[in-house]
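Here's the structure, in structure tokens; my notes come after.
All values below were derived from every heavy atom in this structure, side-chain atoms included, with hydrogens, water molecules and symmetry-related copies excluded.
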Amino acid sequence: MEINPLTVPGGFLLRPRPLHDSRGSFYESFKESEVAAVTGRRFTPRQVNYSVSRRGALRGIHSVLLPPGQAKIVTCHRGAVLDIVVDIRLGSPTFGVHHVTRLSEQEGTSVFVPEGLGHGFVALTDDACVGYLCSTAHVPGTQLDINPLDPELDLPWGTKGAPIMSAKDACAPTVAQAARAGLLPTYEECLAWYERMREKG
């Protein structure tokens with residue numbers, strides 16, 4: 001597996017090395033020891049989620065309040081999506097910076113999203129299935145949503161016309177509104193959290 005950092009510090013791209021033969025292919029999509037060696041922390045899945053989306057559906061920008069925080073590894077198992085990770089850590093030198101990755105079933109590439117970053121995607125195909133390995137179980141009331149069409153973030157979704165969104169995402173606060181409401185984590189809080197994750201390893 002090849003693991004490389006994203007433009008947004010703390011995030012990583014996990015690219016498998018498939019083995020091909022007459023039957024098809026095989027690859028490892030996640031190996032904790034390799035992820036820990038590159039990221040400097042342990043990642044133990046506590047919950048696994050899946051979403052299925054029609055073409056043009058936009059999900060995000062989502063995160064989890066800190067605490068409890070939630071890191072995740074996102075993979076497209078069927079179809080293709082345009083995946084975006086954005087830095088919403090107040091005081092971060094890369095605050096507002098985003099990283100775009102095309103995830104598809106053919107490549108099996110995954111994105112590691114640590115606590116404190118925002119994540120979303122738009123489906124490029126019908127019936128796009130995305131899986132999430134989550135470091136914590138869902139805790140009601142801790143979801144942090146940012147409007148994916150926030151002009152301050154200016155994220156390149158590339159949709160033709162209005163994307164298909166849930167009412168919750170469409171009505172989510174902008175990054176500035178979330179900051180004023182005290183919802184966003186600080187860069188220092190996140191660095192301290194990451195250090196605790198290293199110590200757990």
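The nearest pair of heavy atoms linking Pro156 to His98 is CD-NE2, 3.4 Å.
Taking the salt bridge (Lys or Arg N to Asp or Glu O under 4.0 Å) definition, one finds that Asp154 meets it with nothing, sequence neighbours left out. Considering only residues two or more places apart in sequence or on other chains, Thr44 meets the side-chain contact (heavy atoms from CB on, under 4.5 Å) condition with Glu32, Arg46. Here Glu34 pairs with nothing under the salt bridge (Lys or Arg N to Asp or Glu O under 4.0 Å) rule; sequence neighbours left out.
His99 places no side-chain N or O within donor-acceptor distance of the main-chain N or O of Val85, the cut-off being under 3.5 Å. A donor-acceptor contact shorter than 3.5 Å is absent between the side chain of Arg78 and the backbone of Ala128. Put simply, the side chain of Ser135 gets close to the backbone of Ala71: a donor and an acceptor are under 3.5 Å apart. Using modelled atom types, no side-chain atom of Glu107 and backbone atom of Ser104 make a donor-acceptor pair closer than 3.5 Å.
The aromatic rings of Tyr132 and Phe121 are tilted relative to each other, their planes meeting at an angle between 30° and 60°. Classified by interplanar angle (parallel below 30°, tilted 30° to 60°, perpendicular above 60°), the ring pair Phe43/Phe112 is perpendicular.
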For this session: Please lay out, stage by stage, how Arg41 and Glu115 fare under the test salt bridge (charged side-chain N to carboxylate O under 4.0 Å, His left out).
Result: CA-CA 12 Å; Arg41 56 173 287 173; Glu115 300 87 349; 2.7 Å; yes

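The closest side-chain heavy-atom distance from Pro163 to Trp157 is not below 4.5 Å. Residues Val97 and Val86 are not in side-chain contact: their nearest non-hydrogen atoms beyond the backbone lie 4.5 Å or more apart. At least one side-chain heavy atom of Asp127 sits less than 4.5 Å from a side-chain heavy atom of Val52. No side-chain heavy atom of Leu58 sits under 4.5 Å from any side-chain heavy atom of Asp169.
Distance check, rounded to the nearest 0.5 Å: SG of Cys134 to CG of Asn49 gives 4.5 Å.
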